[in-house]
Amino acid sequence: MTTLTGRRVAITGGAQGIGRAIAEALIRSGATVALGDIQVTVVEQTAAELGSGTTGHRLDVTDPASFASFLDKAAANLGGLDVLVNNAGIMPIGPFLDESPDLTRRTVEIDLMGVLTGTRLAGRRFTDSGTGHIVNIASVLGTLASPNAATYCATKHAVVGFSEALRQEWRDTGVRISAICPGFVRTELIAGMSAPGPLERFLVVNPEDVADAVVQEIAKGVSRTVFVPKAVGVVSRGSTAAPTALVDMLFRLSGGNKVTEDLDKEKRAAYQQRLEGRDDEA
Ligand code: NAD
């Protein structure tokens, strides 16, 4: 089993889903964790359930002051900070022209600007001390594109590009940066979405699979982009060299488009409401 004893990790969007699974895996490997989330009650409850000194804090990743305060509290509680996992995210699904400008802006602010802000704040701390690791949770939609997910694809492509640029920029600083690109993960974020049978087996994973990959990346201490599962990366990266018409045809033949086009709106209603109603607590 991978050992991360003594590592101190801050995780955004840690109340539920992938963030919570990452926290659980890190704690099992010996790390200590601080969770930040806009759902204050849920994040405090999650921290209490995880135990092992885990703390839960209010965090809005779109607000740099809130982010700075979260990192300060995390460092104070943990006795320092070695890793930031930028995990908080939302995913609106539907035709771009039907998406409200407010939801577009909010998605960019959370999924992209939140990552940039966190990376800047933690990056300053880490480059000052010459050590540290930033792990950005991107997506396979950060290298592939899918209909009905245009804004999300835009942000996740940006997160991959951003992480890969800093990988080079920070080459000699001792600070590491990783982009993790999961396929689809069984959390509330994909409520009402499904992949056709064979694609399901290829593309859809559990939050624990992503969490294991994060633990491995931190343990390896290298800067790179990884896919979960790995095969998704081969297809995704490989397709960039193929002619566009062929890529689109294969995407449709595999049923890839159905994941974001065939929505069960009833099953997605609660998530959709959470997106539009801003689920943050006062
Ligand atoms: P989730 O909805 O279960 O969890 C996301 C968490 O982020 C929630 O706890 C939410 O309250 C929090 N959050 C939202 N806005 C925030 C804000 N402004 N400030 C702080 N916290 C905020 O979703 P998840 O599936 O666990 O997603 C986690 C990350 O993984 C996201 O970045 C998502 O894009 C990415 N991802 C998910 C999938 C998937 O299929 N589920 C696939 C690839 C990548």
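We count residues from 1, following the sequence as given. This is a predicted model, so every value here is computed, not measured. Just so you know, ligand 1 is whichever comes first in the structure, and atom 1 is the first atom listed for that ligand.
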- Item | Proximal ligand 1 atoms for Pro182, defined as those under 4.0 Å from one of its heavy atoms | 43 (C), 44 (C)
- So which bit of Cys181 gets within less than 4.0 Å of ligand 1, heavy atoms only: side chain, backbone, both or neither? neither
- Message: Minimum distance, heavy atoms only, to atom 41 (N) of ligand 1: which one of Thr187, Val140, Val259 is it?
- Response: Thr187
- Report yes if the side chains of Asn87 and Ile18 come closer than 4.5 Å at any heavy-atom pair, otherwise no. yes
- Counting both backbone and side chain atoms, is some N or O of Gly19 under 3.5 Å from an N or O of ligand 1? no
- Does Asp37 reach ligand 1 with a nitrogen or oxygen that is under 3.5 Å from one of the ligand's nitrogen or oxygen atoms? yes
- Within the 4.0 Å heavy-atom cut-off, what Asp60 brings close to ligand 1 is both
- Query: Can you find a pair of side-chain heavy atoms, one from Leu50 and one from Val33, that are under 4.5 Å apart?
  - Reply: no
- Task: Would you please determine whether Ala21 falls within less than 4.0 Å of ligand 1 on a heavy-atom basis?
- Result: no
- Message: Given Thr107, Leu275, Val61, Ile90, identify the one with the heavy atom nearest to atom 19 (N) of ligand 1.
- Response: Val61
- Proximity flag Glu109 to ligand 1, non-hydrogen atoms under 4.0 Å: no
- Task: Measure across Thr46 and Ala15 and return the closest heavy-atom pair with its distance rounded to 0.1 Å.
- Result: OG1-O, 2.6 Å
- Query: Any side-chain heavy atom of Tyr271 within less than 4.5 Å of one from Arg268?
  - Reply: yes
- Query: Does the pair Leu141 and Phe184 meet the rule for a side-chain contact (heavy atoms from CB on, under 4.5 Å), with working shown?
  - Reply: CA-CA 9 Å; Leu141 294 183; Phe184 282 84; 4.0 Å; yes
- Item | Electrostatic pair Glu188:Arg20 at N-O distance under 4.0 angstrom | no
- Query: Taking non-hydrogen atoms only, is Ile38 closer than 4.0 angstrom to ligand 1 via side chain, backbone, both or neither?
  - Reply: both
- Query: Quick one: which ligand 1 atoms are inside 4.0 Å of a heavy atom on Gly13?
  - Reply: 6 (C), 7 (O), 12 (C)
- Non-hydrogen atom of Ser66 closer than 4.0 Å to ligand 1: no
- Short N or O distance, Val185 and ligand 1, threshold 3.5 Å exclusive: yes
- Message: Could you tell me, atom by atom, which parts of ligand 1 come under 4.0 Å of a heavy atom of Gly183?
- Response: 42 (C), 43 (C)
- Message: I'd like to check His133 versus Arg7 (side-chain heavy atoms, cut-off strictly below 4.5 Å). Are they in contact?
- Response: no
- Note on the structure: Rounded to the nearest 0.5 angstrom, the OG1-CD1 distance for Thr260 and Ile190 is 12.0 Å
- Task: Pick whichever of Val43, Leu189, Asp63 has a heavy atom sitting closest to atom 23 (O) of ligand 1.
- Result: Leu189
- Item | Per-residue contact class, Lys156 against ligand 1 - non-hydrogen pairs under 4.0 Å | side chain
- Item | Glu169 vs Ile177 side-chain heavy atoms within contact, under 4.5 Å | no
- Item | Test item: Glu261 and Arg252 side chains (from C-beta on) under 4.5 Å apart, heavy atoms | yes
- Val222 versus Ser178, closest heavy-atom pair with distance: O-OG, 3.4 Å
- Query: What atoms of ligand 1 come closer than 4.0 angstrom to any heavy atom of Gly17?
  - Reply: 3 (O), 26 (O)
- Item | Polar atom proximity, Glu188 to ligand 1 (N or O, under 3.5 Å) | no
- Query: Does any N/O atom on Tyr271 come nearer than 3.5 Å to any N/O atom on ligand 1?
  - Reply: no
- Just which atoms of ligand 1 are under 4.0 Å from any heavy atom in Gln39? 8 (C), 9 (O), 10 (C), 11 (O)
- Within the 4.0 Å heavy-atom cut-off, what Arg20 brings close to ligand 1 is neither
- Between atom CZ of Arg237 and atom OG1 of Thr240, what is the distance when rounded to the nearest 0.5 Å? 7.5 Å
- Query: Checking side-chain contact (heavy atoms from CB on, under 4.5 Å) for the pair Phe126/Asp82: CA distance, chi angles, key distance, verdict?
  - Reply: CA-CA 8 Å; Phe126 294 163; Asp82 304 299; 5.7 Å; no
- Any Gln16 heavy atom less than 4.0 Å to ligand 1: yes
- Query: Take atom CZ in Arg105; do more than 12 heavy atoms of anything else shown fall under 6.0 Å from it?
  - Reply: no
- Message: Measuring from non-hydrogen atoms of Thr12 to any atom of ligand 1, is the shortest distance under 4.0 Å?
- Response: no
